[in-house]
Amino acid sequence: MKSQDIRKQFLEFFKSKSHSIVPSAPMVIKDDPTLMFTNAGMNQFKEFFLGNSVPKSNRVTDTQKCLRVSGKHNDLEEVGHDTYHHTMFEMLGNWSFGDYFKEEAINWAWELLTGVYKIDPDNLYVSVFEGSEDRDKLGLDTEALQLWKKIVPEERIIYGNKKDNFWEMGDQGPCGPCSEIHIDIRSEEEKAKVPGRDLVNMDHPQVVEIWNLVFMQYNRKANGELEELPAKHIDTGMGFERLCMVLQNKKSNYDTDVFTPLIAEIEKITGQAYGRSEDSNVAMRVIADHVRAVAFSIADGQLPSNTGAGYVIRRILRRAIRYGFTFLNTKEPFIYKLVALLSKQMGATFQELKSQQSLMENVIREEEASFLRTLDQGLVLLENLMKASEDRKISGDKAFELYDTFGFPIDLTALILREKGFTLDEKGFEAELKKQKDRSRAATQVTAGDWNEINQVEADAFVGYDQLEAEVKIAKFRKVESKKKGEMFQVVLNKTPFYPEGGGQVGDRGIIMSSDGEVIDIIDTRKENNLIVHFTKELPKNTASDFKAIVNKTERAKTASNHTATHLLHQALREILGNHVEQKGSMVQSGYLRFDFSHFSKVTSEELEKVEKFVNARIREQIGLEEQRNISFQEALDQGAIALFGEKYGDSVRAIRFGESMELCGGTHVPNTADIWYFKITGESAVASGIRRIEAITGEAAMHYFENQTEILDEIKSGLKNSKDPVKAINTLQEENAALKKQVEGLLKDKAKNLKSEFRQEIKNINGVNYLAKKVDLDAAGIKDLSFQLGEELDDLFLLFGTEQNGKALLSCFISKELVQQRDLNAGQIVRELGKFIQGGGGGQPFFATAGGKKPEGLNEALQKGESFIK
Ligand code: SER
């Protein structure tokens with residue numbers, strides 16, 4: 001069975017059990033401070049489990065793109081070395097939100113595996129949670145046990161501990177006991193030797209977990225305690241790639257049709273065959289796995305970068321590059337060449353791979369080229385370290401410097417040292433690494449306390465599209481603390497006019513005022529897992545009071561102006577540069593706007609001018625805002641709305657139209673384009689390969705910009721004696737200046753010619769050296785010229801010239817090459833020594849060197865000392 005069909009059958013099976021099929025959420029997470037990437041199918045449903053939001057349908061099924069490379073679930077180091085772990089993988093799942101529970105989940109899982117997929121039940125083992133003695137004091141999951149006993153013989157049921165059979169997403173959040181289904185795909189011979197039961201959860205590559213059924217019934221609080229969830233839920237996750245391995249009768253995920261095309265392409269590019277040596281096998285698996293992780297992230301809008309999620313992506317890609325570099329001998333970018341295949345293979349299920357193909361290719365190629373340069377430099381540095389070492393040992397801190405400052409991978413360092421018979425102080429390296437990790441952890445760690453519920457009110461309605469003030473109550477608050485921002489409070493209101501940061505637009509600021517007049521500043525507003533949280537430095541004295549929430553109106557108006565201008569800019573770019581332009585990021589605040597988009601070359605100044613004109617024309621047309629708040633996603637697209645990749649849209653969306661510009665957008669806008677007043681581009685630059693950035697201002701900021709420009713122009717005019725035509729005046733000045741320069745150059749040349757014949761007469765022979773030391777009136781270049789000309793005409797020459805220019809002293813020393821050798825003279829050393837008379841220093845070559853200083857009065861003394869070097 002093809003992998004495509006396996007995926008389809010899973011979804012169809014649960015559809016037949018009244019589940020709605022929903023799309024995968026983006027793999028890159030944008031509004032959850034505790035998680036960078038989707039690491040399980042349940043992430044997007046967390047709020048339903050916690051009871052913070054109500055789902056439209058209480059039974060859903062999907063295939064979710066997941067990435068397990070950081071935090072609690074991190075498989076990165078295993079990937080490639082074994083045959084069944086991945087960074088990016090698909091998780092097939094079915095969910096019940098307060099609907100069915102253990103019985104249906106268990107029975108359906110069994111029906112699908114053995115009835116539909118026809119897996120031999122004799123190859124399956126199941127596990128149940130045995131309970132725990134620790135502070136949680138949880139008992140054996142007898143309910144699951146009884147249910148399984150009805151289906152499988154008891155000897156196939158395994159009792160698992162907390163590590164294996166109690167699933168938690170992270171340190172906090174929904175969790176519960178689970179039942180895993182494991183499969184034994186070894187040969188009959190092997191099975192006879194060791195029973196499969198003994199190999200479950202023992203990291204055996206052919207006795208692996210394929211499906212995890214989680215019975216969500218608790219929430220882990222910040223203080224570590226468990227609380228019962230308001231309702232019980234089902235969360236199941238089956239590794240799609242492993243399921244393919246089983247159903248396609250393979251012994252490795254990489255032998256399924258999910259990976260074989262990629263591996264074949266790597267073989268073709270590198271000219272090496274998969275299966276030849278363990279090292280190259282690992283490298284091919286690493287590359288085939290990692291290219292998926294990186295491509296899917298870029299398609300979701302996360303580019304490799306130096307911080308946060310972008311850094312994780314960069315590290316994954318670099319891991320692939322260095323495995324290729326070391327074991328497949330790839331010294332040129334090549335991983336980007338796999339993208340076309342990947343997009344062909346998976347583009348039907350994940351459309352973003354198709355539409356983002358050229359961006360993914362460009363970004364990956366550029367990253368590869370730059371990291372390959374790093375590797376080349378690193379090799380040279382490592383070579384130098386080895387040369388400098390006396391005991392064939394490289395210390396931990398030197399290796400760490402290579403790793404940290406120059407980005408050279410430590411395993412490559414270790415490998416090269418081993419090959420060359422050197423040893424690496426690995427303990428020392430680990431210690432340095434730990435120190436650095438502790439430092440950055442301390443710097444970024446945010447600790448959140450538990451929520452204090454204040455008023456039993458429905459939390460959270462956003463009313464800020466229609467009003468900037470509202471009568472509100474505090475629903476709950478909690479304390480958060482980070483090294484960077486110190487102690488703060490997050491406050492959730494029953495409803496709020498404050499816009500939470502999102503869609504590139506900053507969060508609103510303002511105040512909340514209690515009924516007895518106490519004013520608390522709201523310094524930021526964000527969305528965390530669907531909750532709108534307001535940040536304050538202090539809490540009101542009476543949190544139970546009624547409050548008036550008031551948004552800072554001036555800031556909001558400026559931000560709205562910039563946001564609407566962003567939409568018009570987007571429209572203008574597509575109009576003028578072409579429809580390949582796609583938004584790749586934006587930042588809208590009160591002061592300015594920034595817009596990143598895909599485009600292959602620099603936007604020329606003519607194009608920028610056209611873009612500006614286009615936007616300003618829309619402003620002058622005074623186009624009114626047309627907002628549709630609850631339109632279906634499909635209808636919005638049919639009307640021509642632009643949606644962004646990597647954004648998660650619900651079934652009903654908000655569409656913002658200004659004339660021909662229509663976008664799906666949650667942000668705030670001006671009622672009419674005329675309110676923008678004027679749009680001015682202030683910068684155009686590159687963000688990454690194939691991605692450009694435009695920065696711009698509107699309204700008041702644009703006005704200040706023009707005021708400032710006018711002031712500069714006035715100053716220029718007055719400097720030009722109020723010429724009526726300053727441009728012409730400047731051109732004339734420039735022409736005059738060029739003519740004068742030419743004249744001066746000619747005069748200086750004549751002067752140097754005269755000086756040369758003068759100096760030849762002054763040169764004295766001292767101890768067989770043609771010696772001259774004197775002050776001259778020439779600039780540095782003139783002196784150098786003259787010295788070398790004299791050097792060509794006379795042998796055994798020693799020249800020491802001093803000059804004063806703009807209050808500074810310059811010494812220069814020329815020594816014929818034969819003198820340098822015979823008398824062991826060195827101009828560099830000489831100017832350094834003489835530099836002290838002019839309070840300065842310098843250096844250069846043994847035959848020519850210069851020194852500058854800030855004490856011209858010392859020149860005479862320095863010149864007098866010249867003779868001492870040849871006596
Ligand atoms: N949340 C569970 C897991 O990720 C089941 O989906 O394994």
Side-chain angles (χ1 to χ4, degrees), residues 7 10-11 13-14 19 21-22 24-25 27 29 32 34-50 55 59-76 78 84-97 99-102 104-106 108-110 112-113 125-129 141 144 158 160-183 200-201 203 208-220 226 229 232-243 253 529:
R7 187 192 288 118
F10 180 93
L11 299 174
F13 175 80
F14 282 103
H19 289 62
I21 303 178
V22 299
S24 170
M27 197 171 74
I29 295 184
D32 185 346
T34 62
L35 210 57
M36 281 193 226
F37 302 102
T38 296
N39 65 8
M42 54 77 68
N43 296 158
Q44 65 163 322
F45 306 121
K46 195 168 102 180
E47 295 307 293
F48 301 153
F49 294 143
L50 291 172
R59 290 184 185 190
V60 301
T61 180
D62 70 359
T63 180
Q64 171 66 49
K65 21 183 195 175
C66 298
L67 190 62
R68 289 197 169 170
V69 288
S70 56
K72 193 175 175 77
H73 297 279
N74 185 350
D75 296 330
L76 184 60
E78 274 99 332
Y84 59 103
H85 277 100
H86 300 290
T87 53
M88 183 260 161
F89 63 98
E90 278 179 69
M91 192 183 275
L92 300 165
N94 58 294
W95 280 270
S96 148
F97 307 122
D99 185 10
Y100 63 84
F101 202 44
K102 295 184 192 178
E104 290 86 340
I106 288 176
W108 287 339
W110 196 257
L112 177 63
L113 292 181
Y125 292 86
V126 301
S127 63
V128 294
F129 180 46
D141 187 353
I158 287 150
N161 61 17
K162 205 164 181 185
K163 183 178 137 282
D164 293 321
N165 281 80
F166 192 86
W167 201 84
E168 310 204 37
M169 186 190 79
D171 294 334
Q172 271 166 271
C175 54
C178 59
S179 265
E180 293 177 340
I181 304 176
H182 295 255
I183 189 157
V200 167
N201 282 328
D203 291 329
V208 290
E209 174 203 340
I210 48 169
W211 204 346
N212 188 9
L213 316 179
V214 184
F215 314 124
M216 288 288 180
Q217 53 194 98
Y218 302 106
N219 177 33
R220 172 85 61 197
L226 291 180
L229 287 174
K232 294 192 168 68
H233 317 275
I234 288 297
D235 152 23
T236 86
M238 172 143 64
F240 170 64
E241 297 74 9
R242 288 186 191 178
L243 179 65
N253 290 4
N529 305 308

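Atoms within a ligand are numbered from 1 in the order they appear, just like the ligands themselves. Side chains included, hydrogens not; waters and symmetry mates left out as well; all remaining heavy atoms used.
- A search for ring pair (Phe, Tyr, Trp, His ring centres under 6.0 Å) contacts involving Phe129 returns Phe166, not counting sequence neighbours.
- In this pair, Phe14 and Phe10 present their aromatic rings tilted. The plane angle is within the 30 to 60° band.
- For a heavy-atom separation below 4.0 Å, the residues in contact with ligand 1 are Ala40, Met42, Arg68, Met91, Trp167, Asn212, Val214, Asp235, Thr236, Gly237.
- With 3.5 Å as the limit, one finds a donor-acceptor pair spanning the side chains of Asn94 and Thr236.
- A distance below 6.0 Å separates the ring centres of Tyr100 and His19.
- Annotation: side-chain contact (heavy atoms from CB on, under 4.5 Å) contacts of Glu47 (sequence neighbours excluded): Leu50, Asn52, Ser53, Asn529, Asn530.
- Asn43 is linked by a side-chain contact (heavy atoms from CB on, under 4.5 Å) to Ile29, Leu35, Thr38, Asn39, Ala40, Met169, counting only residues two or more places apart in sequence or in another chain.
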